[in-house]
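Note: hydrogens, waters and symmetry copies are ignored here, and every other heavy atom, side chains too, is used.
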Amino acid sequence: LSIKVIYNQDGSIRMYLAIFSDITEKKQADEIIWKQANYDLLTGLPNRRLFSDRLEHEMKIAHRTNKSLALLFIDLDHFKQINDTLGHDMGDILLVNASKRIADAIRESDTVARMGGDEFTAILPQINDSADVERVVQSIMEKLTEEFDLNGHRVNVSASIGIAIYPRDAQTSKELLQNADKAMYDAKIQGRSRFFSYQEK
């Protein structure tokens, strides 16, 4: 709504002219563009971009409140085999279902994001000790090991999870993500279907 004043020649107000514009479609289009830029189209989870913003935000809060924050790097075990044998459509269904299970396993204050492929991350802010983190990790692993029904195809997967703690393991978001990723690879090397905390070598 914009309002313009129309004056007479003597300077007195003659009328007010109000112009209304319906911007519903523009608002809806802007919202769609924002969602496409910040959310994964397949799973509906935050994507790498929104994840990075949230991680930076939570790290600032953790620094200000003198609390710790855990970052989980989650990789599905043997996903490629399922994708290769059953096809990409079944692989996509598995990713959607796996993302829902991970989201169900975390706390309300946590954030799960899809980084791409079969890799996910979870930000666990305001943690008090390692037991808090391990409870969430165990819950994720238990949910992911339950059988998946992919349109009649019953499959089992597991996850390898790496854990990095701020500020103990890293001072920057980039370094924290790298260290959680390294810990996840250590879990893979140890035999998959397990979690591993980052250890400086």
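Atom CZ of Arg192 has more than 12 neighbouring heavy atoms from other residues, nucleotides or ligands inside a 6.0 Å radius. Glu25 CD: 12 or fewer foreign heavy atoms inside a 6.0 Å radius. Other residues, nucleotides and ligands place no more than 12 heavy atoms under 6.0 Å from the NZ atom of Lys100. Within 6.0 Å of NE2 on His78 lie more than 12 heavy atoms contributed by other residues, nucleotides or ligands. At most 12 heavy atoms of other shown residues, nucleotides or ligands fall within 6.0 angstrom of atom CG in Asn66.
Taking every heavy atom of both residues into account, Phe79 and Gly91 meet most closely at CE1-O, 3.5 Å. In terms of heavy atoms, Ser160 sits closest to Ala187 at CB-CB, 4.1 Å. The two residues Arg107 and Pro125 have their closest heavy-atom pair at NH2-O, 2.8 Å. The two residues Pro46 and Arg54 come nearest to each other via the heavy atoms CG-NH1, 3.7 Å.
In this structure, Leu55 CG and Arg48 CZ are separated by 12.0 Å, a value rounded to the nearest 0.5 Å. Taking CD1 from Ile123 and OG from Ser52, the interatomic distance works out to 8.5 Å, rounded to the nearest 0.5 Å. Between Leu177 atom CG and Phe73 atom CZ the span is 6.0 Å, to the nearest 0.5 Å. Rounding to the nearest 0.5 Å places CG of Asn151 at 9.0 Å from CG of Asp89. Atom-to-atom distance recorded for Met90:CE and Thr85:OG1 is 11.0 Å, nearest 0.5 angstrom. To the nearest 0.5 Å, the span separating OG1 on Thr145 from CZ on Arg101 amounts to 8.5 Å.
With a 4.5 Å cut-off on side-chain heavy atoms, Ile127 and Lys67 do not count as touching. Within the 4.5 Å cutoff, the side chain of Leu72 has no heavy atoms near those of the Thr121 side chain. The closest side-chain heavy-atom distance from Phe148 to Ile93 is not below 4.5 Å. Annotation: side chain of Met59 is in contact with side chain of Leu176 (closest heavy-atom distance under 4.5 Å). Inter-residue side-chain proximity for Asn97 and Leu150 is flagged as met; some heavy-atom pair is nearer than 4.5 Å. Proximity of His153 to Ile82: side-chain heavy atoms (C-beta onward) are nowhere separated by under 4.5 Å. Contact annotation: the side chain of Arg114 approaches that of Leu95 to within less than 4.5 Å [non-hydrogen atoms, C-beta and beyond]. Residues Asn47 and Leu50 are in side-chain contact: their nearest non-hydrogen atoms beyond the backbone lie under 4.5 Å apart.
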Exercise answer: donor-acceptor pairs, residues 12-20 side-chain atoms, under 3.5 Å, sequence neighbours excluded:
residue : atom : partner : partner atom : Å
Ser12   : OG   : Asn8    : ND2          : 2.9
Ser12   : OG   : Asp10   : OD1          : 2.6

Compile the donor-acceptor pairs under 3.5 Å between side chains in residues 163-172 and protein atoms, sequence neighbours left out, one pair per line.
residue : atom : partner : partner atom : Å
Asp169  : OD2  : Ile165  : N            : 2.8
Gln171  : NE2  : Pro167  : O            : 2.9
Thr172  : OG1  : Glu175  : N            : 3.2

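For the pairing with Ser99, the side-chain contact (heavy atoms from CB on, under 4.5 Å) check across Leu45, Leu94, Asp40 returns one residue only, Leu45. With Ser173 as the fixed residue, the side-chain hydrogen bond (donor to acceptor under 3.5 Å, both in side chains) test singles out one of His57, Gln178, Glu56: Glu56.
In terms of hydrophobic clustering, with Ile, Leu, Val, Met, Phe, Trp and Tyr side chains grouped at heavy-atom distances under 4.5 Å, Leu42 and Met115 are assigned to different clusters. Residues Val137 and Val157 fall within the same hydrophobic cluster, defined by Ile, Leu, Val, Met, Phe, Trp and Tyr side chains chained together at heavy-atom separations under 4.5 Å. Leu76 and Ile106 end up in the same hydrophobic cluster when Ile, Leu, Val, Met, Phe, Trp and Tyr side chains are linked at under 4.5 Å. In terms of hydrophobic clustering, with Ile, Leu, Val, Met, Phe, Trp and Tyr side chains grouped at heavy-atom distances under 4.5 Å, Ile102 and Leu124 are assigned to a common cluster. Phe196 and Phe120 fall into different hydrophobic clusters, where Ile, Leu, Val, Met, Phe, Trp and Tyr are joined by side-chain heavy atoms under 4.5 Å apart, directly or via other members.
In this structure, a donor-acceptor pair under 3.5 Å is present between the side chains of Asp77 and Ser158.
Under 4.0 Å is where a charged nitrogen must lie from a carboxylate oxygen, and between Asp104 and Lys143 no such pair does.
Under a 3.5 Å cut-off, the side chain of Asp129 and the backbone N or O of Asp132 do form a donor-acceptor pair.
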